[in-house]
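On a predicted model such as this, the values are computed, not experimentally measured, just so you know. Letters go in sequence order (proteins before strands), and every chain restarts at 1. Below, all heavy atoms of this structure are taken into account, side chains as well, without hydrogens, waters or symmetry copies.
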Number of protein chains: 4
Amino acid sequence: MASINPRRTTDARFVRSREALRTALLRLLESRPLDQITIREIAASAGVGYATFFRHHAGKDALLEDVAAEQIETLVARTLPIFDAAETRTSCVALCSYVASNRTLWSALLTGGAAAAMREAFIRVSRRVADDRRDTVAWLPVDLGVIHSSSAIIEILVWWLRQSEPRAADEVAMLIDRLVISPLGGL
Amino acid sequence: MASINPRRTTDARFVRSREALRTALLRLLESRPLDQITIREIAASAGVGYATFFRHHAGKDALLEDVAAEQIETLVARTLPIFDAAETRTSCVALCSYVASNRTLWSALLTGGAAAAMREAFIRVSRRVADDRRDTVAWLPVDLGVIHSSSAIIEILVWWLRQSEPRAADEVAMLIDRLVISPLGGL
Amino acid sequence: MASINPRRTTDARFVRSREALRTALLRLLESRPLDQITIREIAASAGVGYATFFRHHAGKDALLEDVAAEQIETLVARTLPIFDAAETRTSCVALCSYVASNRTLWSALLTGGAAAAMREAFIRVSRRVADDRRDTVAWLPVDLGVIHSSSAIIEILVWWLRQSEPRAADEVAMLIDRLVISPLGGL
Amino acid sequence: MASINPRRTTDARFVRSREALRTALLRLLESRPLDQITIREIAASAGVGYATFFRHHAGKDALLEDVAAEQIETLVARTLPIFDAAETRTSCVALCSYVASNRTLWSALLTGGAAAAMREAFIRVSRRVADDRRDTVAWLPVDLGVIHSSSAIIEILVWWLRQSEPRAADEVAMLIDRLVISPLGGL
DNA sequence: CTCTAATCGAGACGGTACGTCGCGTCTTACG
DNA sequence: CGTAAGACGCGACGTACCGTCTCGATTAGAG
């Protein structure tokens, strides 16, 4: 949508609204789950007309994925080395540290009722990465590998971010390593 | 709700409606995801008045859980021995066989957009079981263990049931064993 | 609409809402023209849910015509004898007297921006009457006769009802007689 | 608006846009009624920027009246002699002939949902003329005379232009004469 | 085998959010 | 630096579904 018309990427107003909507959603996600947030609220909170929302996104979910996409892209960039490294544990630590350092953001994304959408987005990105790499283990179907590891990681992160007194990042990294990565059997 | 008035469990009309609603939901779930099914449709498909739906269930989700509950109870009864047995693999086979033998039902429940609700129900039941048993591994927080294993199993089942040409039950059992059960490290 | 389902005509709630909407529209028409009245206002003023409006009428205009229909039916019943009577003047007086005695109502209907719709409704009713009677004057096409006389009468009434200090009913009756009825040349 | 800046009447671009808008509206009116035509369509059809529309006219209606004004001015110039002439019938023929010779234009203006606006414009012009002339008949209020005759003429023309196989101009002229002009009683 | 009361179907209702549309204003990029 | 493009705020629209409610019309099961 944004890429069709070159103007859209340049026009100051367009960029401004777009960014306002992104941050408004994140702001609201900190207070309550996605499905209790109305598009009208997002628009109002962004200081943007209601109709304008639809000039940028097809719906609530579309905005969420738009917001999520770039974050996930970054997260995956941190997750990638996990599978390469002999030292998977170190990589898991890196992953968790990144999440910890953006705790508020990731809490909103993962514990705000958007986890399912995030999971989808994460799987999508992971699948793309997996297609590029083509390292396989005989007993494990590739797509299941992607789905399982993505889901499990997301879910452990959700569990982590929901804790009132969160554990240390490297402790969680250990859990991910032992529960998810190691069982994949050294991809 | 159903238990307040003893008559409700006896009155032929009440029982008939209840059952009609259950089967109607399952029938509809085979055609499209839960959130595209309206309560009005369920009622109509059950040959039951719209208001009657609410005389039995608080909402769509309540009906789903009502339907799901007994199935999950059975499934967990099959899953339980997994953790006891030295031969976890055998138990996984038993689990998958059961699902395979009720494929239509479980497909509706798991691939019909109700997976999230099923996951919750499954976790709820599992947690209850886990509380009874109290076998712990030092490095793994109990609640995470429950959440992770429940979610991962559900998710592998979803993956399985979505395949156009599904794999053999024992093959999937192997996957569950290697990806989920074994890593728990012999509870 | 009201006549399809017999229940609708009986159900107390339905009748209540229907009547509330009618009177609400008339009430609002006294304060400002039709196109400055929103459906939401009508519903609110009727103490009726917004969606309920559409359960009764397809839109603002439909409600107006519904309201207008019966009034026009009555008015036409008064207008009819005009064409029969040798004393057309007397009949015109009757017509104007009736309008005068319901001045508030007719002001709302005719000076509230609804005149066009009223004209249509009036023509429709008149055409039906004309079809029944089949008295024709050679030089005047029937449909033009209906359109012209209906429109002209409506328009004179509008002019009358808009005056700050309205003329006497029989004076207006005279105007209608001389400008509209007589020229028809003794139908 | 157009008269404030002297440049506006001279600037070639301004004149070009103005004319483009006029003809665009007329072109569109031939295909569908005024209220189904959006300003955006008019602008697009005129090959003119959307905002540019508002540099010329306050809105759709304003453009219409702008377009209509000159036509009506001409029409009234033809209608005027009607009231002077002893031979009103001849004048009516002149009027109708003029309309017939610009049938497409007048069809667009009168049958395209713009009749009400045209009526207003026609009345406005007629009133100006009537004020100048000051010929009165005792029993007929001047403003009603103007409104009635204007409306009735417009309305007969609409009826005429809507016919699939239109009658001859002098036949319609006769109808106008007998229904509208004669009853005014030789102003 | 009746009578009485619970249950039923039907669906009207008040709400709330949706996504669409057109308006008229105002900003922006571009020639 | 002026103009065309079009993003924007606004606000009404009509739709969909929710869950509550009011109706009579059955019909089950107790007496």
Quick one, D:R27 with D:E41, criterion salt bridge (charged side-chain N to carboxylate O under 4.0 Å, His left out). Give me CA distance, side-chain angles, the key distance, then yes/no. CA-CA 11 Å; D:R27 186 164 50 247; D:E41 275 177 313; over 6 Å; no
Nearest 0.5 Å, what's the CD1-CD distance between C:I154 and C:E120? 10.0 Å
Would you compute the distance between atom CZ of C:R22 and atom NE2 of C:H57 and round it to the nearest 0.5 angstrom? 7.0 Å
Determine whether a donor-acceptor pair (N or O, by modelled atom type, separation under 3.5 Å) exists between the side chain of D:T23 and the backbone of D:A20. yes
Is a salt bridge present between D:E155 and D:R119, judged by a nitrogen-to-oxygen distance below 4.0 Å? no
Lys/Arg-Asp/Glu bridge criterion (N-O < 4.0 Å) met for D:R18, D:D66: yes
OP1 or OP2 of [N] less than 4.0 angstrom from a side-chain nitrogen or oxygen of [X], does that happen here?
X	N	value
C:H56	E:dA12	no
A:T52	F:dG9	yes
B:R13	E:dA5	no
A:S17	F:dC8	yes

Looking across every strand, which nucleic acid part, if any, lies under 4.0 Å from A:R16 by heavy atom: base, sugar-phosphate, or nothing? sugar-phosphate
Would you tell me whether D:T111 and D:R162 have side-chain atoms, one donor and one acceptor, within less than 3.5 Å of each other? no
Taking atom [atom2] of [N] as reference, at what distance in whole Å does atom [atom1] of [X] sit?
X	N	atom1	atom2	value
D:F54	F:dA5	CZ	C1'	14 Å
C:Y50	E:dT16	OH	C1'	12 Å
D:F53	E:dG22	CZ	C1'	13 Å
D:K60	E:dC21	NZ	P	15 Å
A:F14	F:dA5	CZ	C1'	14 Å
C:I39	F:dT15	CD1	P	10 Å
C:D11	E:dC13	CG	P	7 Å
A:H57	F:dC8	NE2	P	10 Å

Give the nucleotide from the list E:dC8, F:dC18, F:dA7 with an atom nearest to the side chain of C:R55. F:dC18
For the side chain of B:R40, counting heavy atoms from C-beta on, which of F:dA28, E:dC18, F:dG19 is nearest? F:dG19
Assign each of A:A51 and C:G47 to its nearest nucleotide of DNA chain E by heavy atoms, then name whichever residue's nucleotide is nearer the 5' end. C:G47
For D:G49 and for B:T38, locate the closest nucleotide of DNA chain F by heavy-atom distance; then report the residue assigned to the nucleotide nearer the 5' terminus. D:G49
Bend of the helix from E:dC1-F:dG31 to E:dG31-F:dC1 from end-axis comparison, five pairs per end, nearest 10°, comes to 30°
